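What follows is a set of notes on a single structure, which appears directly below.
Note that the structure is a prediction, hence the values are computed from the model and not measured.
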Amino acid sequence: MISLGGGLPSSEYFPFENIDVKAPFFSSSLEGGMRKTEETLSIGKNDVVEGKSAFDLGIAMNYGQSTGAAQMVRWVTEHTEVRLR
Amino acid sequence: MTYRMFLEPGDYVIGEEYTFATAVESTHPLKCKFVGVRMDVEGMLPDALDELLDNWDSVARGARKPFLVYMVPSGQNPTGSTQGAERRREIYRVAQKHDLILIEDEPYYFLQMQPYTGPDTPPAPLPKNHDEFLKSLVPSFLSMDVDGRVVRLDSFSKVLSPGTRCGWVVCSTQLNDRFQRHGEVSVQHPSGLSQIILHRLLDEGWGHGGYFEWLINLRMQYTKRRDAMLKACEDYLPKDIASWNPPAAGMFNWIKVDESKHPEFGKRTVKSIEEDLFNASVEEKVLITPGSFFLAETDKQDNVEHLFFRTTFAAAEVSLILSFQGTVFADSSRYQFNDMAEAIRRFGVAIRKVFMVEG
């Protein structure tokens with residue numbers, strides 16, 4: 001199927017190629033304290049096509065579902081299930 | 001969105017006597033109001049809720065019997081109260097009796113802290129693993145919901161950052177469908193920029209376990225802040241006038257000031273004493289929020305009966321400056337959060353000035 005029915009612009013014209021996010025990572029140590037490290041997460045425009053991720057900038061920056069992106073909904077659903085278990 | 005789904009013009013929303021002011025104000029463009037239910041250290045009182053609904057007079061009130069309850073069950077804004085498991089079960093039973101929809105707004109759910117052990121005592125041990133951490137949290141209304149009457153609002157605002165503007169709703173399939181339709185004709189969808197960053201961090205960076213590690217770290221940090229604030233309150237506030245309950249969750253310490261100790265109590269309004277104390281605090285260079293701002297029934301704000309002030313322990317920077325020209329600083333060696341301790345000391349000075357007692 002070739003769709004000419006929707007109204008989504010091509011992500012080719014989104015001027016956002018990549019976002020790097022430096023974030024702290026915590027892990028509990030055996031002594032009862034917390035250990036902190038840092039990692040940089042790189043978010044590209046075509047990560048899904050390139051097989052790097054389930055979600056990318058190209059998809060995220062386009063029109064999406066009113067429920068939020070399916071990838072994000074999956075995460076909050078899993079989180080809620082774990083919490084209520 | 002929730003209000004627009006459920007309310008007709010003229011309706012009342014039931015809330016805690018003191019509550020999140022924006023939740024109240026959001027009902028006003030819909031021509032709706034809040035009715036406040038009395039509360040204690042564990043939030044809304046189930047008996048008071050039951051009594052309000054048993055005696056609801058639609059003619060006198062000019063409104064149908066309310067069925068929508070808005071609550072912040074954990075670390076309530078502004079009172080810092082947290083409903084225990086039994087309190088939640090009692091409220092749920094009243095909700096079943098009167099067929100109510102319960103909105104549990106839980107942005108502070110994961111800011112539940114370690115038990116307060118009192119001033120100058122060692123902190124309680126951290127949860128050993130994620131299961132123990134989750135078990136230490138008060139059960140959600142969702143876990144008690146057998147009728148589909150609970151709408152839980154979750155948010156990343158207080159645990160990741162307010163600017164993500166992302167949260168989610170957990171509710172029955174029937175209500176969920178209405179939320180989706182409403183989303184399509186209002187906000188359309190959450191910001192893609194927020195979602196991609198959150199997803200990369202939460203799903204592919206931290207994972208569920210890493211997120212719990214983050215939350216455990218937050219719990220430690222907030223416990224330290226709360227304990228620092230309570231210590232400053234112990235040290236600097238006149239305890240015959242000011243009192244507080246150690247908050248178990250959230251960002252706020254709700255300080256009760258006994259209006260009856262004011263030399264002119266009974267001769268002037270409590271509201272005017274509240275204003276004096278607010279202004280005296282500003283003169284001492286500390287900003288604290290008057291309790292009347294948070295009254296669910298906004299028309300009572302000018303005739304407030306009791307004095308409360310909201311203070312937050314979430315905001316203060318970790319101390320870098322040890323002294324400041326022209327001011328007497330709280331003893332820096334004893335406080336990790338100097339600004340917060342200093343703020344409470346100044347509030348103590350303001351209380352003593354307004355109540356005309358010796359420091």
Side-chain angles (χ1 to χ4, degrees), chain A residues 7-9 11 14 16 18-45 47-48 52-85, chain B residues 109-110 123 125-131 133-134 137 139-140 142-143 152 154 156 160 166-170 176 179-221:
Chain A
L8 273 67
S11 63
F14 301 163
F16 309 105
N18 189 82
I19 298 176
D20 280 355
V21 179
K22 190 153 94 177
F25 281 60
F26 283 89
S27 55
S28 310
S29 70
L30 292 171
E31 305 82 53
M34 299 293 285
R35 204 167 61 87
K36 181 182 164 187
T37 54
E38 264 182 355
E39 276 182 44
T40 299
L41 305 162
S42 187
I43 307 166
K45 196 190 259 185
D47 290 351
V48 173
K52 292 182 193 160
S53 173
F55 198 19
D56 62 30
L57 258 182
I59 296 170
M61 299 307 275
N62 219 316
Y63 290 113
Q65 301 297 311
S66 74
T67 49
Q71 295 90 335
M72 200 63 224
V73 173
R74 179 177 59 76
W75 191 90
V76 297
T77 306
E78 287 167 1
H79 168 76
T80 306
E81 283 170 359
V82 171
R83 200 172 67 195
L84 291 175
R85 196 171 54 202
Chain B
Y109 186 75
F110 280 111
L126 270 178
K128 282 194 194 67
N129 51 47
H130 297 165
D131 270 349
F133 169 59
L134 290 172
L137 303 170
S140 159
L142 273 184
S143 67
R152 175 168 168 127
D154 263 293
F156 289 125
L160 294 182
C166 274
W168 68 97
V169 183
V170 186
N176 195 307
F179 272 109
Q180 286 185 43
R181 299 291 85 75
H182 200 301
E184 285 162 7
V185 295
S186 58
V187 293
Q188 303 253 341
H189 61 72
S191 157
L193 201 53
S194 282
Q195 291 191 79
I196 186 70
I197 294 173
L198 287 170
H199 182 267
R200 197 56 60 98
L201 179 63
L202 293 169
D203 191 54
E204 295 177 12
W206 286 349
H208 291 287
Y211 184 52
F212 289 136
E213 292 288 319
W214 169 254
L215 295 171
I216 291 168
N217 172 57
L218 271 189
R219 180 189 178 97
M220 282 167 60
Q221 299 294 336

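- When each of B:P127, B:G205, B:P125, B:S186 is checked for heavy-atom pairs under 4.5 Å with chain A, B:G205 comes out on top.
- Interface remark: B:F110 contributes side-chain atoms only to the contact with chain A (heavy atom separation under 4.5 Å).
- Of the listed residues B:R181, B:H208, B:Q188, B:E184, the one with more heavy-atom pairs under 4.5 angstrom with chain A than any other is B:H208.
- Not one N or O on the side chain of A:K52 forms a donor-acceptor pair closer than 3.5 Å with the backbone of A:G44.
- At a 4.5 Å heavy-atom cutoff, the contact between B:L134 and chain A is made by side-chain atoms alone.
- Neither the backbone nor the side chain of B:F179 comes within less than 4.5 Å of any heavy atom in chain A.
- Contact count against chain A (heavy-atom pairs under 4.5 Å) is highest for B:R152 among B:H130, B:R152, B:K128.
- One finds the CD atom of B:Q180 at 14.0 Å from the NE2 atom of B:H189 (value rounded to the nearest 0.5 Å).
- Judged by distance alone, with hydrogens and angles left aside, the side-chain atoms of A:K22 form no donor-acceptor pair with the main-chain N or O of A:E38 at under 3.5 Å.
- Only the side chain of B:W168 comes within less than 4.5 Å of a heavy atom of chain A; its backbone N, CA, C and O stay farther away.
- Using a 4.5 Å cut-off between heavy atoms, A:L84 contacts chain B through its side chain alone, with no backbone atom that close.
- Applying the salt bridge (charged side-chain N to carboxylate O under 4.0 Å, His left out) test to A:K36 and every residue at least two apart in sequence or in another chain returns nothing.
- Atom CZ of A:F16 is separated from atom CE of A:M61 by 4.5 Å, given to the nearest 0.5 angstrom.
- In this structure, chain B has heavy atoms under 4.5 Å from both the backbone and the side chain of A:S53.
- When heavy atoms are compared at a cutoff of 4.5 Å, B:D131 approaches chain A solely by way of its side chain, counted from C-beta outward.
- Of the listed residues (B:S194, B:G192, B:G183), the greatest number of heavy-atom pairs within a distance under 4.5 Å of chain A belongs to B:G192.
- The parts of A:A69 that come within reach of chain B are both its backbone and its side chain, each placing non-hydrogen atoms under 4.5 angstrom from that chain.
- At a 4.5 Å heavy-atom cutoff, the contact between A:Q65 and chain B is made by backbone atoms alone.
- With sequence neighbours excluded, the residues that form a salt bridge (charged side-chain N to carboxylate O under 4.0 Å, His left out) with A:R83 are B:D154.
- Nearest heavy atom pair, residue A:G68 against residue B:P190, reads CA-CD, 3.7 Å.
- Taking the centre and axis of the six-membered ring of A:F55, the NZ or CZ atom of A:R74 falls outside the cone set by 45° and 6.0 Å.
- Proximity to chain B involves both the backbone and the side chain of A:I43, based on heavy atoms less than 4.5 angstrom apart.
- Put simply, the side chain of B:E213 gets close to the backbone of A:S28: a donor and an acceptor are under 3.5 Å apart.
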Please step through side chain to side chain contact (heavy atoms under 4.5 Å, CB included) for the pair B:L198 and A:W75, ending with a clear verdict.
-> CA-CA 10 Å; B:L198 287 170; A:W75 191 90; over 6 Å; no

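- At a 4.5 Å heavy-atom cutoff, the contact between A:V82 and chain B is made by backbone and side-chain atoms alike.
- Only the side chain of A:D47 comes within less than 4.5 Å of a heavy atom of chain B; its backbone N, CA, C and O stay farther away.
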